[in-house]
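Working notes, beginning with the structure itself.
Labels below follow one simple rule: chain letters A, B, ... track the order of the sequence lines, proteins then strands, and each chain is numbered from 1. Fair warning: this is a prediction, and the values are worked out from it, not measured in the lab. Computed from heavy atoms alone, side chains included, the values below leave out hydrogens, waters and symmetry copies.
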Amino acid sequence: MKIATWNVNSVKARLPHLLSWLESAKPDALCLQEIKCLADDFPSLEVKSLGYHVTAVGQKTYNGVAIISREKAEIVHTALPGDDTDTQARYLEADIAGVRIATIYLPNGNPVGTDKYPYKLAWMKRLADHARELLDEERTVVLAGDYNICPTDDDVYDPVGWREDALCRPESRAAFRIIANLGYVDAFRALHSEPGRYSFWDYQAGRWHRDEGLRIDHLMLNPQAADRLVACDIDRAPRAKEKASDHTPVWCEIGPPRLI
DNA sequence: ATGGTAGCCTTGCTA
């Protein structure tokens, strides 16, 4: 089962690239972030014409997440548990072909020093609490999305320049490690040790052409999923296109259950 | 050198 995550930065603006990637990469499930539209405005017909189902949690202009899947998704949560007053469309969790999959758009948190940063950290605490509860169910779980966390200095082109940014701050990284230390494996790092592999390049200052990016899009696998991990990679091709998103897809392949 | 780009759909916000 091929599971992918991609912050598309507007699903309407990215529809041609999205359809093209579905046709070439053939994921079984694709978690989207920043669809930037209401769920009713998602271009579902075009995606369905390729043989996929669509489930979306949207809002106008900002945020918004969705899951595109070969098999129909059975919705479990349309918001991250833990704060009923949080109305931002950043979380969707569903069962797809026997795998529990969440699409996550974690708050950016910048500028540090505004209420955006404590909101990010509180959101991460809720995510860790929920991830901990999910472990008790002993399912196969993949928490996929734009975490807006650069886990280590190996995952950013300029660690010193980004040190005080909400994506790299020690509190952000510590919150990410709490999720990892629960038993969720960063699928990319499980299979790749090399530094300088990025999933996001800012639109500004020619970052893509200089390969000056950050790795902030992650597939976090619980032990049942990690035991079945057979491949994981970042597909840079969509980022090289005209009118690209500033993020590119990250995918993993979960094989059949193994008997040791 | 305090810029630069993109998307939404306004004249600014978010990233």
Side-chain angles (χ1 to χ4, degrees), chain A residues 5-21 31-44 46-47 56-66 79-80 86-91 103-124 127 144-151 155-169 171-173 175-176 198-218 234 236-250:
Chain A
T5 181
W6 189 10
N7 179 325
V8 287
N9 187 19
S10 168
V11 70
K12 292 183 199 171
R14 222 62 62 206
L15 186 58
H17 291 353
L18 172 62
L19 297 174
S20 165
W21 197 75
C31 296
L32 300 180
Q33 301 87 35
E34 282 206 270
I35 64 172
K36 290 189 169 180
C37 64
L38 295 169
D40 286 346
D41 296 328
F42 192 103
S44 302
E46 294 89 337
V47 172
V57 174
Q59 72 183 75
K60 209 172 162 183
T61 308
Y62 302 120
N63 309 319
V65 291
L80 180 63
D86 184 358
T87 56
Q88 298 189 26
R90 295 182 176 276
Y91 190 88
T103 175
I104 293 167
Y105 180 46
L106 215 145
N108 177 294
N110 283 306
V112 173
T114 68
D115 56 2
K116 291 178 186 299
Y117 192 54
Y119 172 66
K120 174 184 194 152
L121 296 177
W123 210 93
M124 296 191 76
L127 180 60
D146 176 359
Y147 279 72
N148 269 313
I149 298 285
C150 171
D155 303 307
V156 52
Y157 69 95
D158 178 7
V160 173
W162 281 78
R163 195 170 48 197
E164 298 305 319
D165 190 278
L167 279 59
C168 296
R169 291 265 301 183
E171 303 91 335
S172 302
R173 287 178 168 174
F176 184 77
Y198 308 128
S199 64
F200 160 86
W201 298 259
D202 198 288
Y203 285 123
Q204 302 180 68
R207 296 294 178 215
W208 165 250
H209 292 287
R210 301 173 191 205
D211 194 21
E212 295 176 340
L214 296 90
R215 193 175 68 88
I216 57 176
D217 300 273
H218 309 299
I234 300 168
R236 295 165 57 99
R239 185 63 181 84
K241 292 187 170 185
E242 289 297 316
K243 297 280 289 178
S245 169
D246 42 2
H247 296 248
T248 212
V250 183

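B:dT14 and B:dT10: their P atoms are spaced 15 Å apart (whole Å). Rounded to whole Å, the C1' atom of B:dA1 lies 26 Å from the corresponding atom of B:dT11. Separating the P atom of B:dT5 from that of B:dC9 is a span of 22 Å, rounded to the nearest Å.
With values rounded to the nearest 0.5 angstrom, A:R169 atom CZ is found 5.0 Å from A:Y117 atom OH. Taking CG of A:D146 as the start and CD1 of A:I104 as the end, the distance is 10.0 Å to the nearest 0.5 Å.
The nearest whole Å value for the distance from the OH atom in A:Y117 to the P atom in B:dT14 is 18 Å. Put simply, CD on A:Q33 is 14 Å from P on B:dA15, counting in whole angstrom units. A:H247 has its NE2 atom 16 Å from the P atom of B:dT14, to the nearest Å. For the pair A:N148 CG and B:dA15 P, the interatomic distance rounds to 8 Å; values are reported in whole Å. One interatomic measurement links the two molecules: CG of A:D246 to C1' of B:dT14, which rounds to 11 Å at whole-angstrom precision. Atoms CZ (A:R90) and P (B:dT14) sit 11 Å apart, rounded to a whole Å. Rounding to whole angstrom units, CG of residue A:L167 and P of B:dA15 are separated by 10 Å. Atom pair A:K120:NZ and B:dT14:P shows a separation of 15 Å (rounding to whole Å applied).
Heavy atoms of A:F200 sit nowhere under 4.0 angstrom from any nucleic acid atom.
Side chain of A:Y203 to backbone of A:A244: a donor-acceptor contact under 3.5 angstrom is found.
A salt bridge is defined here as a Lys NZ or Arg NE, NH1 or NH2 lying under 4.0 Å from an Asp or Glu carboxylate O, and A:R215 with A:D155 meets this definition. With respect to the salt-bridge test (charged N to carboxylate O, under 4.0 angstrom), the residues A:D211 and A:R236 qualify.
Partners of A:R239 under the salt bridge (Lys or Arg N to Asp or Glu O under 4.0 Å) rule, at least two apart in sequence or in another chain, do not exist in this structure.
Relative orientation of the A:F176 and A:Y147 rings is perpendicular, given thresholds of 30° and 60° on the angle between their planes.
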Discussion item. For nucleotides 1-12 of chain B, give me one character per nucleotide, 5' to 3': B if any protein heavy atom sits under 4.0 Å from the base, S if the only such contacts are to the sugar-phosphate, - if neither.
Written reply: ---BBSSSS---

